[in-house]
Novice: 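First the structure, which I've put down as structure tokens, then a few questions once you've had a look.
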Amino acid sequence: MDAYERITRNASEVVTEEEVRTLAEQPDEKRAYVGYEPSGVLHIGHMLTATKLIDLQEAGLDVTVLLADVHAYLNDKGTFEEIRETAERMKAQFLAYGLDEEQTEFVLGSTFQFDREYVLDLHALELNTTLSRAERAMAEIQSGESVKVSQAVYPLMQALDIVYLGVDLAVGGMEQRKVHMLARDVLPAIDEAPPTCLHTPLIADLATGVGKMSSSEGVTISMEDSRADIEEKVNAAYCPPTRDPEPDDQGRERENPVLQIFEYHVFPRFETVVVERPEEYGGDLTYDGYESLAADLESGDLHPADAKGALASYLDGLVAPGREKLREFEGR
RNA sequence: CCGCUCUUAGCUCAGCCUGGUAGAGCAGCCGACUGUAGAUCGGCUUGCCCCCCGUUCAAAUCGGGGAGAGCGGACCA
């Protein structure tokens, strides 16, 4: 797999393809970043972009993980003291998850976002952005039902972070695309280049296959989960024997979250996947790629219950090191 | 600052006028059926009715005070 392929695999979109191709020519000199609002426990949403960061590191890029304490504050997530405490835990879990320590730089937002120069640039961006545009960019990210002024500033800071972190590639889930498009539009106003962006897919809600999995509602899988928790959650997941389920009775599109997790979480991290299966149903199966597994599920050669069993055990393998880290933090 | 509206189950809301300690839909949970889940069928749970004071035998409901949220405060309508 060449660098370009490695960088873009499993991405929902890349903006623009041409810019990424250029970047892929000298990956060793490039830097990608993702910003996360610190939270005490890594969940499967964090893990999705983290998996992409691991891809990027394997392709040769360096990675900056922004622990966005100021953003979390602006989004009403607590006091600075509380937020910074969770940032440390988050960093440890990312490393446990498999980010390369040598190739990863963790930066706390507050270490540069209060600099005079940064703030002046921020105000310049504010001057170039309408409130409705900023609000639109935040729609998928904000917490609470009424929009605060702080939340309008939020996406502009994301744009500026890309500049101040010296980043060549901004990575995020698809929910970040409006923010990134805003950044591309507005950064030229302060004579900065529009950032190249890479967006990961959103995984559907585990229980229903509708919409996207969210840590705030519905079921999610996190580093807090025991193996038994994971088995229980995966077993309860929506999983028809197809990768393209029918819309539900309200006409909402559905995905197969079990297949999605195989595709976006498991196969990027494991060369082969072994599905253990009782002799009664045909014995073990071995897959060396997502396509063959999905095809077998569709044909009926692989029963969803067996797929779920395998998924739970591989997910547990991904979560276990982070779970250990969390336990260490508890011990302190 | 002024005015109007709202606050009842996890969510959306009904009940308030005509006081008698509460309901619907959705969600959730359990069971049946499928070797998963979903769908279907059967069953079940849940409430400081925003807070305080008062009237009353009795207050979600009436009166007073307070808190929180939403909307409005040129013109037009």
Side-chain angles (χ1 to χ4, degrees), chain A residues 43-45 74-79 131-132 134-136 138-152 201-222 224-267 273-287 290-319:
Chain A
H43 57 69
I44 197 164
L74 290 174
N75 206 11
D76 206 13
K77 296 290 171 63
T79 66
L131 201 48
S132 61
E135 241 181 88
R136 215 150 37 91
M138 268 308 279
E140 291 283 333
I141 300 158
Q142 70 198 219
S143 67
E145 60 284 336
S146 51
V147 191
K148 309 281 172 51
V149 173
S150 63
Q151 293 171 327
L202 301 177
I203 288 188
D205 180 77
L206 199 55
T208 62
V210 176
K212 65 158 192 158
M213 198 188 295
S214 147
S215 55
S216 50
E217 53 184 277
V219 186
T220 191
I221 288 167
S222 80
E224 259 178 348
D225 289 328
S226 67
R227 186 181 179 108
D229 291 336
I230 294 173
E231 282 169 354
E232 190 179 329
K233 289 175 182 180
V234 169
N235 180 53
Y238 173 71
C239 185
T242 169
R243 61 183 105 185
D244 188 25
E246 293 295 309
D248 71 2
D249 48 20
Q250 291 168 57
R252 294 176 302 186
E253 285 298 319
R254 281 193 287 201
E255 302 293 332
N256 184 325
V258 170
L259 281 180
Q260 287 185 316
I261 295 171
F262 266 115
E263 183 173 17
Y264 301 125
H265 285 281
V266 176
F267 280 106
V273 167
V274 177
V275 176
E276 292 179 16
R277 198 167 58 169
E279 282 306 322
E280 177 189 358
Y281 296 121
D284 294 359
L285 290 165
T286 303
Y287 297 100
Y290 168 72
E291 278 307 319
S292 52
L293 184 146
D296 271 9
L297 188 83
E298 293 199 307
S299 71
D301 291 339
L302 171 62
H303 192 277
D306 294 321
K308 284 180 174 180
L311 181 62
S313 101
Y314 282 90
L315 264 183
D316 183 62
L318 289 172
V319 161

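Just so you know, these numbers use all the heavy atoms, side chains as well, and skip hydrogens, waters and symmetry mates. Predicted, not measured: the structure shown is a model, and the values here were computed from it. Convention: sequence-line order gives letters A, B, ...; per-chain numbering from 1.
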Novice: Between A:Asp225 (side chain) and A:Ser222 (backbone), is there a donor-acceptor pair under 3.5 Å?
Specialist: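 Yes.
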Novice: Taking atom P in both B:rG19 and B:rA59, compute the distance separating them and give it to the nearest angstrom.
Specialist: 14 Å
Novice: Taking atom P of B:rG35 as reference, at what distance in whole Å does atom CG of A:Asp301 sit?
Specialist: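 Distance check: A:Asp301 CG to B:rG35 P gives 17 Å.
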Novice: Can you measure A:Tyr238 atom OH to B:rU36 atom P for me and round it to whole angstrom units?
Specialist: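 Spelled out: OH on A:Tyr238 to P on B:rU36 is 15 Å.
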Novice: Using atom P in both nucleotides, what's the gap between B:rA9 and B:rC50 to the nearest angstrom?
Specialist: 8 Å
Novice: Between the base of B:rG35 and the side chain of A:Asp306, is there a donor-acceptor distance below 3.5 Å?
Specialist: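 Donor-acceptor pair under 3.5 Å: yes.
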Novice: If we take the P atom in both B:rC26 and B:rG43, what is their distance in whole Å?
Specialist: 14 Å
Novice: If only atom types and distance count, is the side chain of A:Asn256 paired as donor or acceptor with the main-chain N or O of A:Pro240 below 3.5 Å?
Specialist: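 It does hold such a pair.
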Novice: A:Leu285 versus A:Leu293: any side-chain heavy-atom pair under 4.5 Å?
Specialist: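 Not touching, per the 4.5 Å side-chain cut-off.
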Novice: Which pair of non-hydrogen atoms, one from A:Lys148 and one from A:Asp76, has the smallest distance, and what is that distance?
Specialist: NZ-OD2, 4.4 Å
Novice: Taking only the P atom of each, what is the distance from B:rC51 to B:rU61 in whole angstrom?
Specialist: 10 Å
Novice: Can you check the A:Arg277 CZ to B:rG35 C1' distance for me, whole Å?
Specialist: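 In whole Å, B:rG35 C1' and A:Arg277 CZ are 12 Å from each other.
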Novice: Residues in salt bridge (Lys or Arg N to Asp or Glu O under 4.0 Å) with A:Glu263, at least two apart?
Specialist: none
Novice: How is A:Pro245 classified with respect to the nucleic acid when contacts are heavy atoms under 4.0 Å: base, sugar-phosphate, or nothing?
Specialist: nothing
Novice: Begin with the C-alpha distance, continue with both residues' side-chain angles, and end with the deciding distance and a verdict on side chain to side chain contact (heavy atoms under 4.5 Å, CB included) for A:Tyr281 and A:His303.
Specialist: CA-CA 9 Å; A:Tyr281 296 121; A:His303 192 277; over 6 Å; no
Novice: Would A:His265 and A:Ile203 count as a side chain to side chain contact (heavy atoms under 4.5 Å, CB included) here? Give the steps.
Specialist: CA-CA 10 Å; A:His265 285 281; A:Ile203 288 188; 3.5 Å; yes
Novice: Under a 3.5 Å distance rule, please check whether A:Arg277 uses its side chain to pair with a backbone N or O of A:Gly283 as donor and acceptor.
Specialist: yes
Novice: Can you check the distance between B:rU12 and B:rA27, where both ends of the measurement are the C1' atom (answer in whole Å)?
Specialist: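 B:rU12 and B:rA27 have their C1' atoms separated by 11 Å.
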Novice: For B:rG73, give the paired nucleotide (Watson-Crick: N1-N3 plus N6-O4 or O6-N4; G-U: N1-O2 and O6-N3; both under 3.5 Å), or none.
Specialist: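 In the structure as shown, B:rG73 has B:rC1 as its Watson-Crick or wobble partner.
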Novice: Please report the distance separating the C1' of B:rU8 from the corresponding atom of B:rG15, rounded so that it comes out in whole Å.
Specialist: 9 Å
Novice: Would you mind reading off the distance between A:Arg252 atom CZ and B:rA39 atom P, rounded to a whole angstrom?
Specialist: 11 Å
Novice: List in numerical order all residues of residues 228-237 of chain A for which some heavy atom is under 4.0 Å away from an atom belonging to RNA chain B.
Specialist: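 Per residue number, the list reads A:Asn235, A:Ala236, A:Ala237.
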Novice: For A:Asp244, what residues pass the side chain to side chain donor-acceptor pair (under 3.5 Å) criterion, not counting sequence neighbours?
Specialist: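 Scan of A:Asp244 (side chain to side chain donor-acceptor pair (under 3.5 Å), adjacent residues dropped) gives none.
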Novice: What's the CG-P distance between A:Asp76 and B:rA69, to the nearest Å?
Specialist: 11 Å
Novice: Do A:Tyr314 side-chain atoms and A:Val274 backbone N/O form a donor-acceptor pair below 3.5 Å?
Specialist: yes
Novice: Give every residue pair that meets the salt bridge (Lys or Arg N to Asp or Glu O under 4.0 Å) criterion with at least one member in residues 297-318 of chain A, sequence neighbours excluded.
Specialist: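 Checked against salt bridge (Lys or Arg N to Asp or Glu O under 4.0 Å) - neighbours excluded - the pairs reaching residues 297-318 of chain A are A:Arg227-A:Asp316, A:Arg243-A:Glu298, A:Asp316-A:Arg323.
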Novice: What is the distance, to the nearest angstrom, from the CG atom on A:Leu285 to the P atom on B:rG35?
Specialist: 19 Å
Novice: Heavy-atom nearest nucleotide on RNA chain B for A:Tyr281 versus A:Arg254: which residue maps closer to 5'?
Specialist: A:Tyr281
Novice: For A:Leu297 and B:rG38, what is the distance between atoms CG and P respectively, to the nearest whole Å?
Specialist: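 It is 16 Å, rounded to the nearest whole Å.
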Novice: Once you measure the plane-to-plane angle for A:Tyr290 and A:Phe267, does it fall in the parallel (<30°), tilted (30-60°) or perpendicular (>60°) bin?
Specialist: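 Geometry flag for A:Phe267 against A:Tyr290: perpendicular rings.
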Novice: Scan every strand shown for a Watson-Crick or G-U wobble partner of B:rG38, both distances under 3.5 Å, and answer none if you come up empty.
Specialist: none
Novice: Please give the nucleotide sitting opposite B:rU61 as a Watson-Crick or G-U wobble pair, both distances under 3.5 Å, or none.
Specialist: none
Novice: How many whole angstroms separate atom CG of A:Asn256 from atom C1' of B:rA37?
Specialist: 9 Å
Novice: Can you pull every protein N or O that's under 3.5 Å from an N or O on nucleotides 71-74 of chain B?
Specialist:
none

Novice: Donor-acceptor pair, A:Gln260 side chain versus A:Ala204 backbone, under 3.5 Å?
Specialist: yes
Novice: For B:rC11 and B:rG64, measure between their C1' atoms and round to the nearest Å.
Specialist: 33 Å
Novice: When you compare the protein's N or O atoms with those of nucleotides 27-33 of chain B, which come within less than 3.5 Å of each other, and at what distance?
Specialist:
none

Novice: So which nucleotide does B:rC6 pair with, by the Watson-Crick or G-U wobble rule with both distances under 3.5 Å?
Specialist: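 Across all strands, the one nucleotide that pairs with B:rC6 is B:rG68.
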Novice: Given the P atoms of B:rU56 and B:rA14, what is the spacing between them in whole Å?
Specialist: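 My reading of the P atoms in B:rU56 and B:rA14 gives 32 Å.
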